[in-house]
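These notes are about the structure you will find just below.
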Amino acid sequence: MNDLIDHCELMNCILSASLSIIYCIDCVSILYAFFNIYFPTFLGFVIRKLHFHVMDSKIINAACIRAAVIVIATGVAIIEEEKNRIYIPREPRINAIAQREFYIDSILNRGDRYCVEQICMKPVVLYRLCDVLTSRNLLRSTQNVSIREQVIVFLQIVGQNQRFRVISGIYYKSVETIHRYFRIVLKAILKLYKYLIKDLEDTVPAEIMNNRRFYPYFKV
């Protein structure tokens, strides 16, 4: 009889420990699995072990009922706590889109001098360059990056000798994204050569030949 009582107490201790672990991790799915899989299996195993002893049915029933009550009470407590929990909505700590637009506007709207210091050209020149690249179908906006942003990123890297990693931190984009758009704008700028550079001619323009500042230093 003492062995029977010891087995019952051991069963209750194991069940209490298991439920304490479930309560600590606070996971309803594990509780559900425990109810449907582990608890019946474990209880059947204990009863089979106790079958070899001289047992009193009242003691076994009392131990089983106690274990079941512990499980059910703990389950109800966990479910109630899960219902009453106040969830904090997960939102990005930084609005990357708004931060990028604010940074770009701060460059273009703080005056010509500041704009030249940042991207080596005035805002009106920047917009003109963007219009040229757009009209000649050399550059286009994407879903996440506008033409204005692409060109400003390119000018900051070229004019300020900024590293891709520094620019990626400013614009909240990956280094790979910054590198890809830098190459896109670079190729578009290089394609402007046919519109800006004229072929060599045999004659020297009059404005160069008649000006001592240019001729013969810039003669063709």
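For the 3.5 Å distance criterion, the side chains of Ser106 and Tyr114 fail to qualify, holding no donor opposite an acceptor. Tyr171 and Gln156 share a donor-acceptor pair across their side chains, judged by distance under 3.5 Å alone.
Applying the ring-ring contact (aromatic ring centres under 6.0 Å, His included) definition to pairs two or more places apart or across chains, those involving residues 149-169 are Phe154-Phe182, Phe164-His179, Phe164-Phe182.
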Using a 3.5 Å cut-off and no angle test, enumerate the donor-acceptor pairs between side-chain atoms of residues 124-136 and protein atoms at least two apart in sequence or in another chain.
residue, atom, partner, partner atom, Å
Thr134, OG1, Cys130, O, 2.7
Ser135, OG, Asp131, O, 3.0
Ser135, OG, Val132, O, 3.1

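Residue Asn144 comes nearest to Lys173 through the heavy atom pair O-NZ, 3.7 Å, listed as atom of the first residue, atom of the second, then distance. The shortest non-hydrogen separation linking Cys120 to Gly159 is SG-CA, 3.8 Å.
Rounding to the nearest 0.5 angstrom, the gap separating the CG atom in Asn210 from the CZ atom in Arg212 is 11.0 Å. Ile97 contributes atom CD1, which lies 6.5 Å from atom CG of Asn95 (distance to the nearest 0.5 angstrom). Atom CD1 of Ile170 and atom CD of Gln99 lie 12.0 Å apart (nearest 0.5 Å). Atom CG of Leu192 sits about 9.5 Å away from atom NZ of Lys194, to the nearest 0.5 Å. Put simply, CD on Gln150 and CD1 on Ile178 are 10.0 Å apart, with the number rounded to the nearest 0.5 Å. Met121 contributes atom CE, which lies 10.0 Å from atom CD1 of Ile152 (distance to the nearest 0.5 angstrom).
Not one N or O on the side chain of Ser168 forms a donor-acceptor pair closer than 3.5 Å with the backbone of Ser174.
Clustering ILVMFWY residues whenever any of their side-chain heavy atoms sit less than 4.5 angstrom apart, transitively, puts Leu186 in the very cluster that holds Ile184. Cluster annotation: Val166 is connected to Ile157 through the hydrophobic network of ILVMFWY side chains, with a link wherever side-chain heavy atoms come within less than 4.5 Å. Note: the hydrophobic cluster containing Val158 does not contain Val116 (ILVMFWY, side chain heavy atoms under 4.5 Å, direct or indirect links).
A salt bridge links Arg148 with Glu101; the closest basic N to acidic carboxylate O contact falls under 4.0 Å.
Annotation: side chain of Val153 is not in contact with side chain of Val145 (no heavy-atom distance under 4.5 Å). Using a 4.5 Å heavy-atom cutoff, the side chains of Pro123 and Asp112 are in contact.
In this structure, Phe102 places its CZ atom where only 12 or fewer heavy-atom neighbours from other residues, nucleotides or ligands lie under 6.0 Å away. The environment of Arg180 atom CZ is dense: over 12 non-hydrogen atoms of other residues, nucleotides or ligands sit within 6.0 angstrom.
A cation-pi geometry, defined here as NZ or CZ lying under 6.0 Å from the six-membered ring centre and within 45° of its normal, does not hold between Arg100 and Tyr103.
A search for side-chain hydrogen bond (donor to acceptor under 3.5 Å, both in side chains) contacts involving Tyr172 returns nothing, not counting sequence neighbours.
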